[in-house]
Structures are given as structure tokens and as C-alpha cells.
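Below is one structure; the comments refer to it alone.
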Amino acid sequence: MKIHGVDITNPDKILFPESNSSKLDVINYYKNFSGQIMPFLKGRPLTLRRFPDGVNHQGFFQKNASDYFPDFIKTVEVQTDDGKNVSVVCNNLKTLLYLANQGTIEFHTWLSRIDKLNKPDKVVFDLDPASGSFNSLKNAAEVIREFLDKKGIRCKLTTSGKNGLHLWYTKRRTQTFDQSREEVKHLAEELIGLYPDLLTIEMRKDDRDGKIFIDYPRNSYGQTTICPYSLRATLNGSIATPISWEELSSIKSSQEFNLGNISKRRRH
DNA sequence: GTCTCTG
DNA sequence: CAGAGACAACGCAGG
DNA sequence: CCTGCG
Ligand SMILES: [Mn+2]
Ligand SMILES: [Mn+2]
């Protein structure tokens, strides 16, 4: 079977046993939502998370493009602390479908683009809840939004598809990753001054006291965040989904949207 | 999912 | 030939 | 140096 010229193997293999979703379901999801996900993938180094035998089996992260990946897949060399990686870049539909056929469930993207790897064009406030209470997480997102709004920064919102929320905005590519991260850290410290019982940047889990962790180190060089519209390797096939601020009030968890209901979601 | 190494 | 292993480091905080 | 963290 071929879709857009890409060989699809084992289309009936079940990758999400709980929702009975097959490999073809995954590939069709990425095909049908390519218009939404591609703008977020284009031009950015990727880390893949693959589950060739389904999310109930062992999966693996992949930072380096496999030698056997076809020529239509773009790659980029990125410097690491000790050497380099050859990252995959998903610039077209064929690449997206090929990687999906490879069992890629999750696409994690850099905060910078390949033509200026050392200057991020995105800032993310990665909000990681200690556990349970999604309501306090929503509250945290709201107060951070208002805080940034007063500084003239308009941010957007994405469910991570697991437990947290990502609040993010774009900027001109003038700062290094170190500068960007330090700026987010300072903003987070200011926020903690205002909401000491709600937010924390303590690195040790034991020191977080049930508060919401603003994971500012996500803004460091070489780090990735889950790409908007990426599937997650959860039993229900949840999806990292951009949502409006109005929509935030009505959702009950970060896994609100999944393979089964994403198509019926009201558009914004 | 595919390659490579080992027996 | 079948079966097992690899496929991710990494960048930072804090002690 | 080490471990924890995501
Ligand atoms: Mn998170
Ligand atoms: Mn995080």
C-alpha cells in the first residue's frame, strides 16, 4: 500500500490497543492533520519517539537519522557537548508519512530553526504539575498569561497531551539559548514572588511541595518540546493540542483531545 | 522498523 | 539462519 | 566529581 508515494507496511497493526487504533489510523491522522502540524515541524531539528510494536511495547527515542532513511528526508548537523548529531528535519508530507510508517508516535521539536540554530524563535513556559489537580494547573496558566500580558507579551496555549500545559510565544531571533533561558527563569522567579503557593522552580521533586513546576530549563540549547498536534504514546492516543484561552476553561485534562475525538473538535 | 552483530 | 541489541544522549541545577 | 530532572 502506498500513500502519497510512501510505502505503508502493516497498516492493520494495532499501535494503541486501548482505543484499537491501527498504524493506518496513525498515518491517516498525520495525513489529515498535515496542514496543522507541518508549520510547527518545518525547519526544526527533531527528536523522534518511536513505538514500532505499539505503545504497550518498548519504544525508543531517536535523535540521529537512520542511515537507511531515504534521500527525501532532510537532515541537519547539530553540535553537541562532545561531537555532533545528525537530526531529522520534517519539511514535507512524504517525510511525515515515512516517519509515521516507521512507528514514530511523538515528534519533539527544537525551539530554534536550522538556519539559525543557536537563536531560538520560541519561548516556552512548560508547566509540569506535581500530580492530580488540573484545576490549579489551569489557574497557573491563567495567572501567567495575565502576567505576560501586562508586559506586552501575548502567549499561546497547548495541551502537552500527557499531564501538563505549554504556554509559548514567538520572538525575534536575537538571544542565545542561555540568554533566553535566563530571561524565562527571571520571569518565573517574579511569578513565584506573586504566587508562592502555586508555582515553583525547585529542581528536586521533593522540594516542590505539590506546586506547579515552571520547567524553564526547556529553553536551553539542544532541548525539545512536544510538537503541537503530535500524538503522545499514551494508551488513549492523546494529542498535544493548541487550544484557545476560552477553551481552557472547559477542558478536564491535558489528554482532552485524542485520536478518537480530535476530528470532531470545534475549530477556532 | 530496520540494521548489525553473534552463534 | 534466528535471535538479541541498538536506536538518547543532553544540558543544566545543585550538592 | 556525582545525581536528579525532563
Ligand atoms: Mn511538560
Ligand atoms: Mn517539563
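Chain A is the first sequence line, chain B the second, and so forth, proteins listed ahead of strands; every chain is numbered from 1. If you're wondering where the values come from, they're calculated on a predicted model, not measured in any experiment.
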If you compare all heavy atoms of A/Pro242 against all heavy atoms of A/Thr158, which two are closest, and at what distance to 0.1 Å? N-CG2, 3.8 Å
If only side-chain N and O atoms of A/Thr80 are considered, is one of them under 4.0 Å from the OP1 or OP2 phosphate oxygen of C/dA9? no
Not counting sequence neighbours, which residues clear ring pair (Phe, Tyr, Trp, His ring centres under 6.0 Å) with A/Phe107? List them please. A/Tyr30
Angle between ring planes, A/Phe69 versus A/Tyr98, binned at 30° and 60°: parallel, tilted or perpendicular? perpendicular
Is the shortest distance from a Lys or Arg side-chain nitrogen in A/Arg44 or A/Asp121 to a carboxylate oxygen in the other one below 4.0 Å? yes
A/Trp110 CH2 - C/dA8 P separation (whole Å): 14 Å
Would A/Arg50 count as a cation-pi partner of A/Phe60, with NZ or CZ less than 6.0 Å from the six-membered ring centre and within 45° of the ring normal? no
Give me each pair satisfying salt bridge (Lys or Arg N to Asp or Glu O under 4.0 Å) with a member in residues 89-107 of chain A, each pair once, sequence neighbours excluded. A/Arg49-A/Glu106, A/Glu106-A/Arg232
Just the endpoints, please: which first and last nucleotides of DNA chain B, 5' to 3', lie under 4.0 Å from a heavy atom of chain A? B/dG1 to B/dC3
What is the nucleic acid contact for A/Asp128, judged by heavy atoms within less than 4.0 Å: base, sugar-phosphate only, or nothing? sugar-phosphate
Kindly state which residues belonging to residues 111-123 of chain A come within less than 4.0 angstrom of DNA chain B, counting heavy atoms of the residue only, listed by number. none
Contacts of type ring pair (Phe, Tyr, Trp, His ring centres under 6.0 Å), residue A/Phe125, not counting sequence neighbours: none
Do NZ/NE/NH1/NH2 and the carboxylate oxygens of A/Glu202 and A/Lys211 come within less than 4.0 Å? no
Taking side chain to side chain contact (heavy atoms under 4.5 Å, CB included) as the definition, give me every residue that meets it alongside A/Asp178, ordered by chain and number, with sequence neighbours left out. A/Thr176, A/Arg181
Among C/dA8, D/dG6, C/dG11, the one nearest any side-chain atom of A/Asn64 is C/dA8
Among residues 48-60 of chain A, which ones have heavy-atom contacts with DNA chain B below 4.0 Å? A/Arg50, A/Pro52, A/Phe60
Let's see if you get this right: which residues in residues 191-209 of chain A place a heavy atom under 4.0 Å from DNA chain D? A/Met203, A/Arg204, A/Lys205, A/Arg208
Working to the nearest 0.5 angstrom, can you tell me the gap between A/Ile192 CD1 and A/Leu199 CG? 6.0 Å
By ring pair (Phe, Tyr, Trp, His ring centres under 6.0 Å) - contacts of A/Tyr29 (at least two apart): A/Phe33
Rounded C1' spacing from C/dC10 to B/dT2 in Å: 25 Å
P atom, B/dG1 versus C/dC12: distance in rounded Å? 36 Å
Say we look at C/dA9 and D/dC5: how far apart would their C1' atoms be, to the nearest angstrom? 14 Å
Carboxylate-amine/guanidinium proximity below 4.0 Å for A/Lys150 and A/Glu146: no
Please report, rounded to the nearest Å, how far the C1' atom of C/dC12 is from the CD atom of A/Glu182. 10 Å
Of all the heavy-atom pairs spanning A/Gly164 and A/Ser254, show the shortest one and how long it is. O-OG, 2.7 Å
Measuring only between side-chain heavy atoms, which start at C-beta, is A/Leu157 closer than 4.5 Å to A/Trp168? no
Please give me every residue in residues 215-228 of chain A whose heavy atoms get under 4.0 Å of an atom in DNA chain D, ordered by residue number. A/Asp215, A/Arg218, A/Gln223
In numerical order, the residues of residues 83-109 of chain A whose heavy atoms come under 4.0 Å of DNA chain B are A/Asn101, A/Gln102
Which is true for A/Lys162 with a 4.0 Å heavy-atom rule: it touches a base, it touches only sugar-phosphate, or it touches nothing? nothing
Contact list for residues 156-172 of chain A, test salt bridge (Lys or Arg N to Asp or Glu O under 4.0 Å), sequence neighbours left out: none
Looking at side-chain heavy atoms only, is the closest gap between A/Ile37 and A/Cys227 below 4.5 Å? yes
Connected via hydrophobic side-chain network under 4.5 Å: A/Val86 and A/Tyr221: no
In terms of side-chain geometry, is the basic nitrogen of A/Asp53 or A/Lys13 positioned less than 4.0 Å from the acidic oxygen of its partner? yes
